[in-house]
Asks: 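A single structure is presented below for examination.
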Amino acid sequence: MTQTADPMAGTTEPDLTSLRAVVRGRVLLPGDDGFADASRAWNVAVAQRPRAVVEVDDAQDVVAVVRLAREQGLVVSAQPGGHGATTALDGTVLLRTTALDAIAVDPAARIARVGAGVKWGQLLAALDGTGLVAMAGSNPDVSVVGYLLGGGLPWFGRRYGLGCRSLRAARIVGGDGTLRWVDDASDPELLWALRGGGGEFGVVTEVEIDLYPEPELHGGKLMFPIAEAAAVLQAFAQVTQGAPDGLTCWASFMHFPPLPDLPEPIRGGSFVTVDVTWLGAASEGAGLIAPLRRAGTVLSDSFGPVSIGRLGEVAAEPTTPMPFIDWGGVLPRLDPTTIERLVGVAGNRGRTALTVLQVRHAGGALSTAGGPPAAMTELGAEYVVFAFGVAAVPALADPIRASLRDVAQVCGPAGTARIPLTLLGPGSDRTSVHDPATVARLRAVKRAADPQGVIRGNHPLD
Ligand SMILES: Cc1cc2nc3c(=O)[nH]c(=O)nc-3n(C[C@H](O)[C@H](O)[C@H](O)COP(=O)(O)OP(=O)(O)OC[C@H]3O[C@@H](n4cnc5c(N)ncnc54)[C@H](O)[C@@H]3O)c2cc1C
């Protein structure tokens, strides 16, 4: 991604070497060996230019960095992985939280405590055998904390709501450098903001989340030739309209690049797929998805029992860093005209630069206000669209952005209304997500929690 301005221009240079005196973790400054690697986000299309990178050892390191930043007029950003990287983090002291890796599961209380460096794959593996599920999304490489703060669109959200509903408490370093646990009793406004309002209000070091009893879990991917996209999308619309809340289906147009490390059947190929999870008995799940299996030529079908620890295999998304240009929005309806338009936008590899256009069925608890007080309570529509292209060479960036604009046109004026921040593309306006009253309330929480503006998230409020 190109830079438009030097974020460091016109500022007095603080003494960044003093970071080394206050933390136990590794500090990398421009010019150090390894600085470029440490600065890189998972999404390598965003060329980040932090002032420094600190790989914190523990919560006390976070406190020390925030206090020093406050004294020296620096800005601090937590970036566990960088799936949601934006250029908003340029010029900040970037905190890597990998070492905050504690996981404590209390199966009887149905609660987990999770450090800010923990990825969903690690937490889900810890739930194997408990009969409990957590509100994870598609990708096991995404951090639990980054996802929850951004709202989080989970597999099981149709039954339990957005991921942020499961946030019970957070241990957070505020803009003043104090570390404390907050919950609905001790600081209801802050917890409201942390549930889907983003990473603007402090650096979270640990969270406590709800877990949910679901002893029967099935899932898998059905794959069809791209030429049958219209018929598969029609079956997807039929299955999703009126589906029980335990069934979740996501349909995708997929155009795989001709990369040598991809297996032969998919390398360079185009397909339409439907990823499914089902919280219930095998025979009932098979009955519910039967119209999908009849919709076209099934090239592969992995639907079957899944352990919670292997949930990431359902969508089987890439976990290695890549140059990713994405857009997320909501789709008000999935009628035959909309299906035709989606096929027109993404059904022909010669006419799109997209790698994936995914339509996620929401509805149920995802589209109904409920749960604890939260900045993001429900989605703006029954379907969510998440599209991206992989800019393997820079010349692909403009065609990908043009294809993403085509997708936005299909979504129409609803656009990014009430989409989780986790799916908001780097170029989208964050204030379009919330209504004006919510934006004003989030800004008030920000002023109280971080009056000096020491903390910056990837989608700043201003
Ligand atoms: C392939 C792929 C699949 C995805 N699937 C889903 C999905 O199914 N559902 C969904 O909702 N999202 C999904 N996402 C989006 C993902 O959840 C977001 O990118 C999210 O930001 C988490 O990614 P991360 O852990 O790398 O966070 P980062 O990108 O590292 O951080 C994002 C932001 O979160 C905030 N943050 C993170 N940690 C802290 C902290 N400790 N304290 C304060 N603020 C913090 C900061 O503002 C930071 O800029 C997907 C993304 C990709 C690339």
Side-chain angles (χ1 to χ4, degrees), residues 40-46 48 50 56 59 62 66 76-89 92 94-98 100 114-121 135-157 162-164 170-175 193-194 196-207 248 250 252 275 277 311-312 314-326 328 355-356 358 360 362 366 376 379 384 386-388 390 419-426 430 449-450 455-461:
R40 209 167 285 133
W42 182 90
N43 184 356
V44 294
V46 180
Q48 302 193 121
V56 296
V62 178
V66 171
V76 175
S77 293
Q79 188 181 65
H83 293 80
T86 69
T87 50
L89 305 195
T92 65
L94 212 56
L95 298 188
R96 299 291 189 203
T97 53
T98 310
L100 307 182
V114 184
V118 173
K119 297 178 177 189
W120 273 112
M135 291 303 109
S138 56
N139 198 300
D141 197 46
V142 158
S143 76
V144 174
V145 168
Y147 165 100
L148 292 177
L149 296 177
L153 180 58
W155 267 118
F156 314 124
L162 285 165
C164 60
R171 194 169 183 229
I172 186 167
V173 180
L194 294 177
E200 290 283 284
F201 312 98
V203 178
V204 173
T205 62
E206 200 175 348
V207 289
T248 301
W250 300 344
S252 305
D275 298 344
T277 60
L311 184 67
V314 173
E317 290 176 347
T319 52
T320 47
M322 56 176 58
F324 197 77
I325 303 179
D326 59 316
T355 308
V356 171
Q358 184 170 69
R360 293 187 174 191
L366 283 171
M376 178 66 67
L379 300 170
V384 171
F386 184 52
F388 67 87
V390 178
I419 187 167
L421 288 181
T422 45
L423 298 186
L424 191 70
R430 180 246 226 264
D450 180 25
I455 314 295
R456 188 182 303 157
N458 56 345
H459 293 291
L461 279 157

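As the structure lists them, so they are numbered: ligands from 1, and atoms in each ligand from 1. FYI, side chains are in, hydrogens and waters are out, and symmetry mates aren't considered; it's all heavy atoms of this structure.
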Asks: Under the side chain to side chain contact (heavy atoms under 4.5 Å, CB included) rule, collect the residues that match up with Ser143, sequence neighbours excluded.
Replies: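 Pro80.
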
Asks: Cut-off 3.5 Å, no hydrogens considered: what does the side-chain donor-acceptor table look like for residues 196-207, sequence neighbours left out?
Replies:
{"unit_1": "Glu200", "atom_1": "OE1", "unit_2": "Leu461", "atom_2": "N", "d": "3.4"}
{"unit_1": "Glu200", "atom_1": "OE2", "unit_2": "Gly457", "atom_2": "N", "d": "2.4"}
{"unit_1": "Thr205", "atom_1": "OG1", "unit_2": "Arg171", "atom_2": "O", "d": "3.3"}

Asks: Could you label the plane-to-plane angle of the Trp42 and His83 rings as parallel, tilted or perpendicular, counting under 30° as parallel and over 60° as perpendicular?
Replies: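 Judged by the thresholds at 30° and 60°, the geometry between Trp42 and His83 is parallel.
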
Asks: Listed by chain and number, what are the salt bridge (charged side-chain N to carboxylate O under 4.0 Å, His left out) partners of Asp326, not counting sequence neighbours?
Replies: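 By the salt bridge (charged side-chain N to carboxylate O under 4.0 Å, His left out) rule, Asp326 matches no residue at all.
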
Asks: Where does ligand 1 get N/O contacts under 3.5 Å from the protein, atom by atom?
Replies:
{"unit_1": "ligand 1", "atom_1": "5 (N)", "unit_2": "Ser138", "atom_2": "OG", "d": "2.9"}
{"unit_1": "ligand 1", "atom_1": "8 (O)", "unit_2": "Ser138", "atom_2": "N", "d": "2.8"}
{"unit_1": "ligand 1", "atom_1": "8 (O)", "unit_2": "Ser138", "atom_2": "OG", "d": "3.1"}
{"unit_1": "ligand 1", "atom_1": "8 (O)", "unit_2": "Arg360", "atom_2": "NH1", "d": "2.8"}
{"unit_1": "ligand 1", "atom_1": "8 (O)", "unit_2": "Arg360", "atom_2": "NH2", "d": "3.1"}
{"unit_1": "ligand 1", "atom_1": "9 (N)", "unit_2": "Leu153", "atom_2": "O", "d": "3.1"}
{"unit_1": "ligand 1", "atom_1": "11 (O)", "unit_2": "Leu153", "atom_2": "N", "d": "2.7"}
{"unit_1": "ligand 1", "atom_1": "11 (O)", "unit_2": "Thr422", "atom_2": "OG1", "d": "2.8"}
{"unit_1": "ligand 1", "atom_1": "19 (O)", "unit_2": "Gly84", "atom_2": "N", "d": "3.1"}
{"unit_1": "ligand 1", "atom_1": "25 (O)", "unit_2": "Ser143", "atom_2": "N", "d": "2.8"}
{"unit_1": "ligand 1", "atom_1": "25 (O)", "unit_2": "Ser143", "atom_2": "OG", "d": "2.7"}
{"unit_1": "ligand 1", "atom_1": "26 (O)", "unit_2": "Gly82", "atom_2": "N", "d": "3.0"}
{"unit_1": "ligand 1", "atom_1": "26 (O)", "unit_2": "His83", "atom_2": "N", "d": "2.9"}
{"unit_1": "ligand 1", "atom_1": "26 (O)", "unit_2": "His83", "atom_2": "ND1", "d": "2.7"}
{"unit_1": "ligand 1", "atom_1": "29 (O)", "unit_2": "Gly82", "atom_2": "N", "d": "3.4"}
{"unit_1": "ligand 1", "atom_1": "29 (O)", "unit_2": "His83", "atom_2": "N", "d": "3.2"}
{"unit_1": "ligand 1", "atom_1": "29 (O)", "unit_2": "Gly84", "atom_2": "N", "d": "2.7"}
{"unit_1": "ligand 1", "atom_1": "30 (O)", "unit_2": "Pro80", "atom_2": "N", "d": "3.2"}
{"unit_1": "ligand 1", "atom_1": "30 (O)", "unit_2": "Gly81", "atom_2": "N", "d": "2.9"}
{"unit_1": "ligand 1", "atom_1": "30 (O)", "unit_2": "Gly82", "atom_2": "N", "d": "2.7"}
{"unit_1": "ligand 1", "atom_1": "41 (N)", "unit_2": "Val204", "atom_2": "O", "d": "2.8"}
{"unit_1": "ligand 1", "atom_1": "42 (N)", "unit_2": "Val204", "atom_2": "N", "d": "2.9"}
{"unit_1": "ligand 1", "atom_1": "47 (O)", "unit_2": "Asn458", "atom_2": "N", "d": "3.2"}
{"unit_1": "ligand 1", "atom_1": "47 (O)", "unit_2": "Asn458", "atom_2": "OD1", "d": "3.4"}
{"unit_1": "ligand 1", "atom_1": "49 (O)", "unit_2": "Asn458", "atom_2": "N", "d": "3.2"}

Asks: Is there a side-chain contact between Phe388 and Asn43 in this structure, where contact means two heavy atoms from C-beta onward sitting under 4.5 Å apart?
Replies: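 No, their side chains stay 4.5 Å or more apart.
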
Asks: Please confirm whether the backbone N or O of Asp141 pairs with a side-chain atom of Thr319, one donor and one acceptor, at under 3.5 Å?
Replies: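 Absent.
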
